[in-house]
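Report on the following structure.
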Amino acid sequence: MPILVMKFGGTSVATLDRIKRAAKRVGVEVAKGYDVIVIVSAMSGETNKLVGFVNETSPLFDAREYDAVVSSGENVTAGLMALTLQEMDVPARSWQGWQVPLKTTDTHAAARIVEIPTENITAKFEQGMRVAVVAGFQGIAPDGRITTLGRGGSDTTAVAFAAAFGAERCDIYTDVDGVYTTDPRICEKARKLDKIAFEEMLELASLGAKVLQTRSVELAMRYNVKLRVLSSFEEQSDDAGTLVCDEEEIMELNVVSGVAYSRDEAKMTLISVADRPGIAAAIFGPLSEAGVNVDMIVQNISEEGRTDMTFSCPTDQVRRAEKAMTDAKAAGEINFHDIVADEGVAKVSVVGIGMRSHAGVAAKMFKVLSDEGINIKVITTSEIKISVLIDRKYMELAVQALHDAFELEKAA
Ligand code: ADP
Ligand code: ASP
Ligand code: MG
């Protein structure tokens, strides 16, 4: 029988009633003749709560134990979903990551999927089971310990299962009815897109649009998974939601197709670093080893052999970054006068494939922000995106002003 993957995010399984609603959606697909693999997230708020427990217990936590704790939310919803389906007389069984087994690297808290053997679940389908409910976000490292795939990782579990099982489609059910030109929660003029190109979705996701985890889009692109984002709260037709697809399948092409933001950014500056060959490696090597995800980097012009080095990272990694830098200084590997953290910044980005062939997008973006009196602290660009770091208090204003200026409420 053809296989369908259906993923339900945190809000879609937040209560027993919502699990029931989601299970009914699954029942509809089973009745159409699909064998269904359901991927569930933890109940909304649950993973945040668990992460909070870990941080409070151990601020510079051991990532193995972080994974042991934060992976547990999904175990609850997987079992409850299987029970709900059984109550509806749909033959269903739950699977935790290690039972599949979903094999990952040992990069705890940010593991990558290595392999999903299909035998166990396929055998159950052959025996008459109609729904395999799999706990999202979690897997097992080569040494047998539980891993997690990074925040939002259930999306990646879903796409990886769709690829491994050759599913007809991977439907991501969430609390919005598709991918929008920007987050509809902060910009009421945001417009739902019927289709979005993999590459644009990849940029939007990696720049902060939570609606899909970046890695899930990468996998869908690589394995040609038919990926759809839709609402679990509305009755759905077969063409509902947003299809993430190849660029060639899209007729409307705006120069800018979306605005993304990332709220919890920090800007860190090492003041008066000795400017010598190898200094960047001496700074960013230890940061990477400490698990700090450095994003933007700026090195000032040096004066008398000394310079300031600025980089951005997520706010919850500031303490790790400070420790890595003070340790490197104590070990004599680097030398700086001071380290300053600005934890009140956010990143706002505009994305669009059309930028490849249109000049002037950056200039327009800077003008819009300047007209709003918003100061830009750091800029980075690539072929299809421009990102700026600004004070967090202006983030929503910046998103709305850019959405207006690039007329994203109108289709091309
Ligand atoms: P889930 O729990 O279902 O995985 P998430 O909270 O991870 O849901 O992702 C959905 C959220 O992503 C939406 O509620 C919305 O606020 C946010 N979001 C950010 N950018 C976008 C966008 N461009 N289009 C749609 N949703 C977006
Ligand atoms: N529950 C995990 C998180 O909140 C994984 C997910 O929902 O995708 O990050
Ligand atoms: Mg999510």
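Order of appearance sets the numbers: ligands from 1, and atoms from 1 within every ligand. All residue numbers refer to positions in the sequence shown, counting from 1.
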query = Between Arg169 and Asp171, does at least one N-O distance fall below 4.0 Å, as a salt bridge requires?
reply = yes
message = Looking at Glu200 and Lys195, is any side-chain nitrogen of the basic one under 4.0 Å from a carboxylate oxygen of the acidic one?
response = no
ask   = When you measure from the side chain of Glu333 to the backbone N and O of Ala282, does any donor-acceptor pair fall under 3.5 Å?
value = no
request  = May I ask you to check whether Lys7 has an N/O atom sitting below 3.5 Å from an N/O atom of ligand 2?
outcome  = no
ask   = In terms of atom number and element, which parts of ligand 2 are under 4.0 angstrom from non-hydrogen atoms of Ser41?
value = 6 (C), 7 (O), 8 (O)
query = Should the pair Tyr66 and Phe61 be assigned to parallel (<30°), tilted (30 to 60°) or perpendicular (>60°) ring geometry?
reply = parallel
task = Answer yes if the side chains of Asn254 and Glu407 hold a donor-acceptor pair under 3.5 Å, and no otherwise.
result = no
inquiry  = Give the atom numbers and elements of ligand 2 that come within less than 4.0 Å of a heavy atom of Arg151.
reply    = 3 (C), 4 (O), 9 (O)
inquiry  = Is a donor from one side chain sitting under 3.5 angstrom from an acceptor on the other, for Thr181 and His403?
reply    = yes
message = For Phe233 together with Tyr173, are the ring centres under 6.0 Å from each other?
response = no
key: Glu74: numbered ligand 2 atoms lying under 4.0 Å from its heavy atoms   = 1 (N), 2 (C), 5 (C)
ask   = Salt-bridged, Asp17 to Arg21, with N to O below 4.0 Å?
value = no
ask   = Can you find a non-hydrogen atom of Gly9 under 4.0 Å from ligand 2?
value = no
Can you pull every nitrogen or oxygen pair between ligand 1 and the protein closer than 3.5 angstrom?
from     : atom 1 : to     : atom 2 : distance (Å)
ligand 1 : 2 (O)  : Gly10  : N      : 3.0
ligand 1 : 3 (O)  : Thr174 : OG1    : 2.7
ligand 1 : 4 (O)  : Lys7   : NZ     : 3.1
ligand 1 : 6 (O)  : Lys210 : NZ     : 3.2
ligand 1 : 8 (O)  : Thr174 : OG1    : 3.2
ligand 1 : 14 (O) : Asp175 : OD1    : 2.8
ligand 1 : 14 (O) : Asp175 : OD2    : 3.4
ligand 1 : 14 (O) : Arg185 : NE     : 2.8
ligand 1 : 14 (O) : Arg185 : NH2    : 2.9
ligand 1 : 16 (O) : Asp183 : OD1    : 2.8
ligand 1 : 16 (O) : Asp183 : OD2    : 3.2
ligand 1 : 16 (O) : Arg185 : NE     : 3.0
ligand 1 : 23 (N) : Tyr180 : O      : 3.0
ligand 1 : 24 (N) : Tyr180 : N      : 2.9

query = Quick one: do Lys189 and Asp404 make a salt bridge, cutoff under 4.0 Å?
reply = yes
task = Examine Asp155 against ligand 2 and note whether any of their N/O atoms are separated by less than 3.5 Å.
result = no
remark   = Among Gly45, Ser71, Ser154, closest by heavy atom to atom 6 (C) of ligand 2 is Ser154
query = Do the charged groups of Asp295 and Lys347 touch, with an N to O distance under 4.0 Å?
reply = yes
ask   = So, is Gly152 polar-close to ligand 2, with some N/O to N/O distance under 3.5 Å?
value = yes
